[in-house]
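A short worksheet on the structure shown next.
None of the values given here were measured: they were computed from a predicted structure. What's counted below: heavy atoms across the whole structure, side chains too, no hydrogens, waters or symmetry copies.
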Amino acid sequence: MNSSSFQHSRSSSGWLLSVGTVILLSAASALLALTLLSGASLINSISQLNTLAKGPDLLQMHTGEVNFQKLEAFAADHPEIESLQISPFLNLASDEVVLNGQNLAASNQDHGVVTQNEAFDFLLDDNGQKPEVKPGEIYLPSSYKALYQLEPGLPITLAGQPLILAGFVQDVQMNSMMSSSKRFLVSPEDYEKLKPDGEVEWLIEYRLKEGGDPNALAQAYEQAVLPANGPMITGPLITLINAISDGTTVLVLLLISIVVLLIALICVHFILSIQLTQDRKEIGLMKALGISRRQIQMRFFKKYILFSLMAFVIGIFVALACSSTMLRQLQELYGKGLQVQFSLFWAVIGALIPEVIILCSLWISLKKMDRLSALQALFENDRPKSRLQQTLLVGLLCGCCAFLVCVPLNLYTTLEDPGFVRYMGIGQSQIRIDLRQNSKMDSTLTDQFSSLRTQLQNDPEVSRFCLLETRRMNAITKDGSTVSLLVEQGDHSVFPVQYAKGHAPENDQEIALSSLNAQALRLDVGSTLQIDWNGERKTMEVCGIYADVTNGGKTAKTRAEDSSLPIIWSVGYVTLNPDTSVKDWMSRYQSEGYDVIDLQDYIQSTYSQTLSQLQLALRMAMVLSAIVLFVVLFLFMRLLVERSRYELSLQKAFGLSSRHLILSEFKPALLTVGLGLGAGILTGDFGGQLICGQILAGLGACGFNFTINWPFNGLVFLILFGLGVIALLLAFQPITGIQPQECCHGRE
C-alpha cells in the first residue's frame, strides 16, 4: 500500500468519524433539549394559567335545586376555605350550537353558556386578561379554534340567536378535550336571552387557603350531604387532565431521547475504539518516549470536546427551531409559555446533559489505555472477537431505530382505535346516547330513560343495546369512614369494559371497581364492600377491577338499581344492524332531543389534542430513525472496510473478485440488519406496551395493551430495511478500488 493511498484512506476514515460523531451527538442534544423545553413549557403554562385565572381547588357540578345558605354555612365552618363561588352553567343542546355553519349535533361535549365569574375561575384571553364581552359577542374555548377552523368575526348561532365570535378564551378547568364540558363566554344580556333555551347546571367552587387539602375538603363535602348531583373534581385532577394530552407527547419524546442517547453512546464508543485501534502504534510510541498518560488521553479527548461543543450549539438551535411547532398548541390552550430567557435556559440544560454524559463515558474509556503497555500497543494485533462485537452492535443499533418508530406508532394507533373506549370505562359499542333534561323534552330524566328503553327494544335496526344510570352512593371503608362512589347501574355484560382482574357484575350482590378506586379502598377481587342502599347497609363482593380514565378514574359498576337516589346522568350504548345507515339513525334520534354521538368520533374528539401531538412525534421519530440508521450503517461499514483493507487486498491477490468480496461482506451485514430491525419492532410492540402501560395505569387505564397495526409495522420494517440496503451498498463500494498489491506492503 503506497503512502498516498494510505493517507487518503486515513483522511477519508477520519472525516467519516468526525461527521458521524457530530451528527449523533447533535441528535442526542437536540432531542433532550426539545423534551425539557416542551415539558417545562407545559408545566409553566398550566401553572401560569391556574395562577392568573385563580382556578378552583374543588369543583362540584350539580343539576337541580341549590340550598345557598347551607353551602355558605359549610364554607363558614371550614376555616381552610378562602372563597366560595356558585356560578350557573347554562347547558344547551349540541344541535342548537352552530359554529360558522358547522352544527355540533354529533359533538361529545356538553356546551354551556356562562358569564365572567367575579371572584375566581376566570376565563382569560390570549394576553391573560379578562375580556370585556359586549352584547352580541361570544368567546369560544381556545381548543375549538383549530378543531373547527375558527377565526374572530365569524358568525355563531346558539339556540337560533346570532352572535359574532369576538375571540377565544383559556379555561383553566375545561381547556382539554378530555374534559367533557366546554364553556362559552357571553354578556349578561345575551345570557338572559338564552336562558329559556337551556338547562342550568350549578358550578359550586371552592378556593382554599395556602396549605389546604382539596381531597380532605371533598370528603368533608360528601359527609355533609350537600348538593352533589354531578361529578366532583379537585384542583390537582384538573391539572392532571390538562397535562395528560400534551404530557403524553412529552413522555414519548423523553423515551425517544433516552434511546437516541443510548445509540449515541454506543456509536461514539465504537468510533473511539476504531480510532484507538488505528492509532495503536502511535500510542505505543508516545508511551515508549515517556509522554504521560494524561497527555495521551487529552490528545484524543480534546477532539471530542470540540465535537461536543459543535453538537451542543447545533442541538440548541434545532430544539428551538422545532419547539415553535410543538409549543403552538400549548400557547393557544394555556396562553403565553416560557419567556425567551427561560426557554433558552431549558434548551441549554437539555442540550448539555447528553454531552456531559457522553464525555464522562469517553473519559472513562480513555483511562483504560493506562492498562496498555508500550510493547502491547506496538506489537499486539486486534482481538479476533472484535468483528463479532461489531456485528452485534450493528444489530442493536438497527433494533433501537425500529423501536424509536414503533412505540409512538403503536400508541397513536391504540388511541385512534375504537376499542380504546374500553380503557375509558366505556364498553365498545357503536353509538352512545346521553340522556339529560333539555328544552325539547318536558319529561323527567327517569321518564326519558324508560321511554328510550322501550323505543330501542322495538327498533328493528338495533342489534344490541344497554342503558346505564349513574348515581352517587356512599360506601363504608375498612376503617369505618364513608366515601362517595359514582356507581353506574345496569347490565354491564352487553358491552364490557377492559377488566384487569375478574369480570363484570353478574348479579345484584356484586360490584366492580375502577383500578384507582380499588387502590384507594385497598380492595381486590373477592373483597367485600358495604354500601348504603335504600337506607340500609348492603354487603357487596368485588367481582372485577377495570380500567377507567373518566371522572377522575374513580367509578364503580353494578347490576343492582337503587331507585331511591337521584340519577346524576344516564347513558345508552347501541350497536346497529350491518345494513343500517348510522348517519340516518343518529339523525332520527337527535331530532327527538337525544344527544347521540358516534363512539369513534367521541374518541377522535376526546384525544384530538393528544393525537395531533403524537402524530408530530411520530413523524419526528420516523425521520430521525431513518437518518440515524442510514448514517450509522454507512459509517460503520465504511470504517470496517477501511480496517479490513489488508485482508481484502490479500484475498484479491489470491484471485477473488470485487463482486465476490462485496457479496461476502454484504450478505451477513444484511442478515444482521434484518434481524436487528425485526427484534426492534417486536421490542417496540411488547416492551413499549409495558412502558406505556405503567404510565397509563397511574391514570386508571390498567391492563393496557397496544392495538398493533401489523401492516404499518411491516411498512416500517420495509422502509428501514430498504434504507439499510442502500447504506450497505454505498459503504461496500470502495472495495472495488482496493488493489491486490496493497497487501505486499503489510499492515499500516
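- Listed by first and then second residue, the salt bridge (Lys or Arg N to Asp or Glu O under 4.0 Å) pairs that reach into residues 491-515 are Asp491-Arg559, Lys501-Asp524, sequence neighbours excluded.
- Residues Pro214 and Thr234 approach most closely at CB-CB, 4.1 Å, considering heavy atoms.
- Remark: Phe712 pairs with no residue by the ring pair (Phe, Tyr, Trp, His ring centres under 6.0 Å) rule, at least two apart or across chains.
- Counting only heavy atoms from C-beta outward, the side chains of Tyr589 and Leu456 approach each other to under 4.5 Å.
- For the pair Phe706/Leu411, a side-chain contact is recorded, criterion being any heavy-atom separation below 4.5 Å from C-beta on.
- With respect to the salt-bridge test (charged N to carboxylate O, under 4.0 angstrom), the residues Lys195 and Asp197 do not qualify.
- Among all heavy-atom pairs drawn from Leu576 and Gln430, the shortest one is N-OE1, 2.9 Å.
- Using a 4.5 Å cut-off on side-chain heavy atoms (C-beta onward), Leu226 and Gln60 make no contact.
- Proximity of Phe184 to Leu163: side-chain heavy atoms (C-beta onward) are nowhere separated by under 4.5 Å.
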Are Val487 and Arg471 close enough, and set up right, to give a side-chain contact (heavy atoms from CB on, under 4.5 Å), and what steps lead you there?
CA-CA 5 Å; Val487 182; Arg471 294 178 169 90; 5.7 Å; no
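- You'll find the side chain of Asn100 reaches within 4.5 Å of the side chain of Pro155, heavy atoms only.
- The closest side-chain donor-acceptor pair between Asn91 and Glu199, if any, does not fall under 3.5 angstrom.
- Using a 4.5 Å cut-off on side-chain heavy atoms (C-beta onward), His492 and Tyr546 make no contact.
- For the pair Val113 and Phe89, the minimum side-chain heavy-atom distance is 4.5 Å or more.
- Side-chain contact check for Gln173 versus Ile233: every heavy-atom pair is 4.5 Å or farther apart.
- Other residues, nucleotides and ligands place more than 12 heavy atoms under 6.0 Å from the CD atom of Gln457.
- The minimum heavy-atom distance linking Trp710 with Asp685 is given by the pair CZ3-OD2, 3.3 Å.
- One finds no salt bridge joining Arg183 and Asp110 here, because no Lys/Arg side-chain nitrogen approaches an Asp/Glu carboxylate oxygen to under 4.0 Å.
- Among residue pairs with one or both ends in residues 448-464, those qualifying as salt bridge (Lys or Arg N to Asp or Glu O under 4.0 Å) are Asp459-Arg588, Glu461-Arg588; sequence neighbours excluded.
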